[in-house]
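Since the structure comes first, as C-alpha cells, the remarks are kept for the end.
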Amino acid sequence: MTASSTAPAETTAGLRLRLARSAQEPDSAVTPDTEFRRWFAAQRQSRRYDVRRIPFAELAGWHFQDGTGNLVHRSGRFFSIEGLHVRTAWNGRETSWTQPIINQPEIGILGIVVKEFGGVLHCLMQAKMEPGNIDTVQLSPTVQATRSNYTGVHGGSAVRHLEYFVPPRRGSRVLFDSLQSEQGSWFLRKRNRNVVVEAFGDVPEHEDFVWLTLGQIYRLMHEDNVLNMDARTVLSQLPSFALGGVALHSKQEVLSRLTEVRARREFVQRSVPLADVRDWRRTGDEIGHRSGQHFSLIAADIRADSREVTRWSQPLLAPAEQGLAAFVVRRIGGVPHLLAHARTEAGVLNVAELAPTVQCQPGHALSLPAADRPRYLDVVLDAPRDRILFGSVQSEEGGRFHRADTRYQLIEVGDEFPVEVPEEFVWVTEEQLGDLLRHGNYVNIEARTLLTALRASGAAGRLR
C-alpha cells in the first residue's frame, strides 16, 4: 500500500481526527492482530542474545578513573557513572545526600514514523533487544538511538530509518517534536528528542519492523513489558482525544503552581567524584548502598544478533525493587482530573517536574517513618480493585537499567477525596498535561507513561 508523495496542508483539528480514528481501530488490514502476535512471538524466540553479569575488571573499553573513581568509556562518549551531591530544602526542612548517577549529556532521537494505509494512520514499530529488558525484546519506536549510535562512534551498522528524522528529511513532515527528560533519580539532566513524523511515499520494509494502528498499540499497553519506555514517551506527545470541559485551574495557574515550587524550593546539585559518595560501597562486581536499598551498579557482557553492534559490555543500573507510579484521578465539575505532584529528583534539570501523585519504591517508602512517606501512598496501596482504572507492569530503559520495572496505575477516587491539596500538588486535566508536552522539562517520564496509559484505557470515560 502507498500514500501520496506530497504533504497536504492540515489543521490541528484534522490531525486530531485522524489520530482518534487510528486509536479506534483495534485491528489493521496491514498487520492483523493474529499476524502481529505470530511475528512478535517469533522475534522473541528467534533472537539470539546472552546477557551475562561480569566483574568490573572484565568490562571492555571501560575503566575507573584514577583520582575520581568515575566509571568512564575510553572513547569519552556514551555515558559515565559519576557522583552527585544534592541539597534541597522545602518549607523549613532540609535534606542532603550523595549518590552515583548516570551522566549522558548527549541528546538521542526517539522517533516514530506514521503513515496512512486505507485512510488509517499506522505507526512503524520496531522489535528491539535491550540488555536490561525483561523479556529482552520489546516494541520500540522506529528509531531509538543515542548520538553516539547514529553518528557511528560505536563502529556498528547504520541506524535504519534515521533519514526520516535528520535533515534533509526524506519524504516526511514533523507532527510533534520536543526535548523531554528521563529518569531524574538515575540520570543527570538527561534529555532525549521525542519526535513523530508522517511519511509520504513508500517506506522500506524490514523484518524487524511492523505497522500498527494506535488502537493496536494502546491494547498492548495493558500487557506487561511489551511496549518499551521510549515508545511510551513518544506516544505521549500525541494530542488529547478527550472531549473538552472546564478545568479546575487554568493552564497559567498550573504553570504558576509549578513555578512557585521551582522558585521556593532550594535545590543545589554538585558533581563529586564517584569515589567520594557516602554510604555506597564498591566491590569487584557491584556498587551498592550499604542499606541494600535504592539501586546498585553492575557490569554486563552482552551478545545480540540483532543490534548495530553484536557484542559489547557496559555498566547497568539495577533497582533494588519494583517501582510504583500512580495518578489519583477524580471528576471535578464533571471533568476528569489527575493529581500531579511537583516532584524534585536528584538529577532533574530545573528543580521540579510534574509527576504522578505517587512515585516511589514502595518497600523503601514503607520502611520510612510515617511522616516521611510519600503523601497519598496509602490511597494508592489500599485502593480497591474496582477503583483501579488501569494497571500494568512496564519496563524502564533497558539500555541503561537492568530489569527495572514499574507498576503503573490510575486510581479512581470519589467526592470524599478533597479538591484542596498541598501546594506542591495540582489538579490537571489530560488535555492540560498533554499541552505541556509541547515544551520540555514540565512533565516527567513516569507521568508521560501514565498519560499514554490513560488514553490507552479510556479510563477517563469510565469514571463514576
Side-chain angles (χ1 to χ4, degrees), residues 81 83-102 132 134 183-187 224 265 267 269 274 277-283 286-298 316-328 339-348 352-353 355-385 387-388 391-397 401-411 413 421-422 424-425 444-447 449-450:
I81 309 296
L84 184 70
H85 179 275
V86 180
R87 179 171 59 83
T88 182
W90 175 250
N91 286 343
R93 181 178 179 183
E94 181 175 323
T95 57
S96 66
W97 71 93
T98 58
Q99 66 168 82
I101 200 155
I102 301 171
I134 296 171
Q183 283 84 355
S185 293
W186 300 335
F187 279 119
D224 294 351
R265 180 172 288 161
F267 180 66
Q269 299 162 315
L274 182 60
V277 295
R278 301 187 306 270
D279 299 325
W280 293 78
R281 298 173 180 172
R282 174 180 144 193
T283 66
E286 182 179 60
I287 300 172
H289 195 266
R290 62 180 177 80
S291 68
Q293 297 176 328
H294 308 300
F295 60 86
S296 61
L297 292 152
I298 63 173
L316 289 169
L317 185 152
E321 62 174 301
Q322 183 180 89
L324 173 66
F327 266 126
V328 164
L339 183 57
H341 178 208
R343 176 180 170 85
T344 295
E345 297 178 281
V348 72
E353 296 182 349
T357 317
V358 172
Q359 180 185 321
C360 65
Q361 291 183 335
H364 171 63
L366 290 172
S367 72
L368 299 172
D372 295 334
R373 294 174 189 169
R375 194 181 291 270
Y376 305 119
L377 178 61
D378 57 335
V379 174
V380 172
L381 294 181
D382 297 340
R385 184 179 296 273
R387 290 281 180 162
I388 301 175
S392 70
V393 175
Q394 302 293 341
S395 292
E396 303 304 335
E397 165 64 275
F401 311 142
H402 183 254
R403 301 184 70 81
D405 62 355
T406 301
R407 179 167 296 281
Y408 285 96
Q409 293 183 319
L410 298 169
I411 305 295
V413 294
V421 293
E424 67 269 29
F425 290 84
N444 81 355
I445 196 161
E446 290 82 3
T449 280
L450 282 169

Locate the shortest heavy-atom distance separating [X] from [Y]; write the atom from each residue and the value.
X	Y	value
Ala325	Glu446	CB-CB, 4.2 Å
Gly391	Ile388	N-CG2, 4.3 Å
Ala346	Phe267	O-CZ, 3.6 Å

Which pairs would a plain distance check flag for residues 401-408, meaning a side-chain donor or acceptor within less than 3.5 Å of a matching protein atom at least two apart in sequence or in another chain?
unit_1: Asp405; atom_1: OD2; unit_2: Gln322; atom_2: NE2; d: 3.2
unit_1: Thr406; atom_1: OG1; unit_2: Glu396; atom_2: OE2; d: 2.8
unit_1: Tyr408; atom_1: OH; unit_2: Glu396; atom_2: OE2; d: 2.6

CA sep, side-chain torsions, deciding dist, call: His289, Gln99, side-chain contact (heavy atoms from CB on, under 4.5 Å): CA-CA 9 Å; His289 195 266; Gln99 66 168 82; over 6 Å; no
Exercise: do Glu94 and Ser96 side chains pair donor with acceptor under 3.5 Å: no
Main-chain N/O of Glu345 paired with Ser185 side-chain donor or acceptor, under 3.5 Å: no
So how far is it from [X] [atom1] to [Y] [atom2], rounded to the nearest 0.5 Å?
X	Y	atom1	atom2	result
Leu381	Cys360	CG	SG	7.0 Å
Ile81	Ile287	CD1	CD1	7.5 Å
Arg87	Trp97	CZ	CH2	11.5 Å

Pair His364-Ser291, side-chain contact (heavy atoms from CB on, under 4.5 Å): steps then yes or no: CA-CA 10 Å; His364 171 63; Ser291 68; over 6 Å; no
Which residues share a side chain to side chain donor-acceptor pair (under 3.5 Å) with Gln361, sequence neighbours left out: none
Heavy-atom side-chain proximity of Val380 to Leu324 below 4.5 angstrom: yes
Test log, rule side-chain contact (heavy atoms from CB on, under 4.5 Å), inputs Arg93 and Asp372: CA-CA 11 Å; Arg93 181 178 179 183; Asp372 295 334; 2.6 Å; yes
His341, Gln183, Gln359 screened by side-chain hydrogen bond (donor to acceptor under 3.5 Å, both in side chains) with Asn444, the one that passes: Gln359
Parallel, tilted or perpendicular, as decided by the 30° and 60° cut-offs, for the rings of Trp280 and Phe295: tilted
